[in-house]
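Reckoned from all heavy atoms, side chains included, excluding hydrogens, waters and symmetry mates. Labels below follow one simple rule: chain letters A, B, ... track the order of the sequence lines, proteins then strands, and each chain is numbered from 1.
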Protein chains: 2
Amino acid sequence: MSINKKIGKRILALRKIQNLSQEALAHRANVDRTYITGVETGKRNVTVRVLERIIHALESNFGTFFNDKVFLDEK
Amino acid sequence: MSINKKIGKRILALRKIQNLSQEALAHRANVDRTYITGVETGKRNVTVRVLERIIHALESNFGTFFNDKVFLDEK
DNA sequence: ATTACAACGGACTATGAGTCACCTTTTAAT
DNA sequence: ATTAAAAGGTGACTCATAGTCCGTTGTAAT
C-alpha cells in the first residue's frame, strides 16, 4: 500500500476515535474540509508541515502517529 | 525547532551512522544531490513520498525513523 | 594541486496547497 | 417510506513551492 494511503487510513482511524467530522478536523488543522478528504483517501502527497498540522489537530505527534504496525513493517 | 529541522537532523544522524555521503544517499533515494543538503539543513518541506525514499535509502522505515525523543515530545 | 565533500544560488519544471461548485451517501427524523 | 440535514467524495482550477539541474565556493585531507 502506498504511503499516502497508509497515512490516510491512520488519520481516519484517529479521527474516528476522537469522534470528529472531517469538517471539524479541517477546522482544527486549518485546512479545507475537502483537503482532509483528499488526504484520507490517499490522493494527496502531503508535505510534512501540513501533516504536522493535522497530527497536532488529532492531539498526537509524529512519534506516536507513526508508531503503528503498518509503518514499522515496511522496508 | 521546526519539523523540517528535526527531520533534517535525524536524516543526517542516520546517514553518518551508515557512513554515506550526501551524494551517495541522494543516489540511493533517487533524488537530486543538492536536495539532500536542503533537507538536512532544514530548508526543505519534504513530501511524504520523497521522505519515504530517503528513509528507505537509509534502510529504515517511518515507524523507526520517528521513534525518537524529538518526535515524541512535541504537541 | 588535486580530490572529496558539503553548502549555496539561480533558473527552471513538476506538483502540492488551498479553494470551489457540485454530487452522492449516510444518518436520523417524522 | 420520505424527507432533510449532515457528512463525505470529485474534478477542476490558481498560485506557491517541491524538487531538478546547472554551476560556484569553502574546507579538509592527501
Side-chain angles (χ1 to χ4, degrees), chain A residues 1-63 65-66 68 70-71 74-75, chain B residues 1-63 65-66 68 70-71 74-75:
Chain A
M1 194 187 328
S2 74
I3 187 63
N4 287 9
K5 283 226 190 305
K6 286 181 191 170
I7 288 174
K9 285 195 171 208
R10 183 84 171 112
I11 289 173
L12 172 66
L14 291 177
R15 179 171 68 78
K16 287 298 182 193
I17 289 171
Q18 309 230 2
N19 237 331
L20 291 171
S21 65
Q22 288 185 345
E23 190 160 19
L25 174 58
H27 186 256
R28 283 195 195 182
N30 199 34
V31 299
D32 195 80
R33 174 189 65 78
T34 64
Y35 190 78
I36 296 290
T37 301
V39 174
E40 286 190 354
T41 54
K43 294 186 183 66
R44 295 259 180 181
N45 179 23
V46 297
T47 61
V48 293
R49 280 209 199 109
V50 170
L51 182 57
E52 182 181 44
R53 301 216 303 271
I54 296 172
I55 288 177
H56 287 171
L58 289 166
E59 287 168 17
S60 188
N61 55 55
F62 277 87
F65 185 88
F66 286 107
D68 187 287
V70 288
F71 298 115
E74 338 165 9
K75 169 140 140 264
Chain B
M1 196 189 328
S2 74
I3 186 65
N4 287 7
K5 282 225 192 305
K6 287 180 191 170
I7 288 173
K9 285 194 171 206
R10 184 86 171 111
I11 289 172
L12 172 65
L14 292 177
R15 179 172 67 80
K16 286 298 181 192
I17 289 171
Q18 309 235 356
N19 238 331
L20 292 171
S21 66
Q22 289 183 346
E23 191 160 15
L25 174 58
H27 185 257
R28 279 197 195 182
N30 199 31
V31 298
D32 194 78
R33 158 181 70 80
T34 66
Y35 194 72
I36 296 291
T37 300
V39 172
E40 285 190 357
T41 54
K43 295 187 183 66
R44 292 285 177 170
N45 180 24
V46 297
T47 61
V48 293
R49 279 208 201 114
V50 169
L51 181 57
E52 182 181 43
R53 301 215 301 270
I54 295 173
I55 288 175
H56 287 172
L58 289 166
E59 287 168 19
S60 188
N61 55 55
F62 276 88
F65 184 87
F66 286 107
D68 188 287
V70 288
F71 298 114
E74 336 167 10
K75 165 126 146 277

query: How many Å lie between CZ on B:Arg33 and C1' on C:dA6, as a whole number?
result: 10 Å

- request: First locate atom CZ of A:Arg53, then atom CZ of A:Arg49, and finally report the distance between them rounded to the nearest 0.5 Å.
  value: 10.0 Å

Heavy-atom closest pair, residues B:Val48 and A:Leu51: CG1-CD2, 4.1 Å

field: Non-hydrogen side-chain atoms of B:Phe65 and B:Ile11 separated by less than 4.5 Å
entry: yes

- request: Identify the heavy atoms of B:His56 and B:Ser60 that sit nearest to each other, and give their distance.
  value: CD2-O, 3.4 Å

message: Would you compute the distance between atom CZ of A:Arg28 and atom CD1 of A:Ile36 and round it to the nearest 0.5 angstrom?
response: 11.5 Å

- request: Report the relative orientation of the aromatic rings in A:Phe66 and B:Phe66; use parallel for angles under 30°, tilted for 30 to 60°, perpendicular for over 60°.
  value: parallel

task: Determine the minimum heavy-atom distance between B:Arg33 and B:Ala26, stating which atoms define it.
output: CA-CB, 3.7 Å

field: Sequence neighbours excluded - salt bridge (charged side-chain N to carboxylate O under 4.0 Å, His left out) pairs with any residue from residues 36-47 of chain A
entry: A:Arg15-A:Glu40

message: What I'd like to find out is whether the side chain of A:Arg10 reaches to under 4.5 Å of the side chain of A:Val70, using heavy atoms alone.
response: no

- prompt: Of the non-hydrogen atoms in A:Leu25 and A:Ile54, which two are nearest, and what is the gap between them?
  reply: CD1-O, 4.3 Å

- prompt: Quick one, which residues of residues 1-16 of chain B touch DNA chain C with a heavy atom under 4.0 Å?
  reply: B:Arg15, B:Lys16

- request: Let me know the distance between CD1 of A:Ile36 and C1' of C:dA17, rounded to the nearest Å.
  value: 12 Å

Selection: residues 17-31 of chain B, any non-hydrogen atom under 4.0 Å of DNA chain C: B:Ser21, B:Gln22

query: Taking all atoms of both residues into account, what is the closest heavy-atom pair of B:Tyr35 and B:Val50, and its distance?
result: CE2-CG1, 4.0 Å

task: Working to the nearest 0.5 Å, report the span between OG1 of B:Thr37 and CD of B:Glu23.
output: 10.0 Å

- request: Determine whether the side chains of B:Thr34 and B:Asp32 contain a donor N or O and an acceptor N or O closer than 3.5 Å.
  value: yes

- line: The reported gap from CG in A:Asn45 to CG in A:Asn4 (rounded to nearest 0.5 angstrom) is 5.0 Å

message: Can you give me the closest heavy-atom contact between A:Phe71 and B:Asn61, atom names plus distance?
response: O-OD1, 3.2 Å

What pairs of nitrogen or oxygen atoms, one from the protein and one from nucleotides 13-16 of chain C, lie under 3.5 Å apart?
residue: C:dG16; atom: OP1; partner: A:Asn45; partner atom: ND2; Å: 3.0

task: Estimate the overall bend of the helix from C:dA1-D:dT30 to C:dT30-D:dA1 from the end axes over five pairs each, rounded to 10 degrees.
output: 50°

query: Side chain of B:Thr37, base of C:dC8: donor and acceptor closer than 3.5 Å?
result: no

field: Leading and trailing nucleotides of DNA chain D with any atom under 4.0 Å from heavy atoms of chain A
entry: D:dG8 to D:dA18

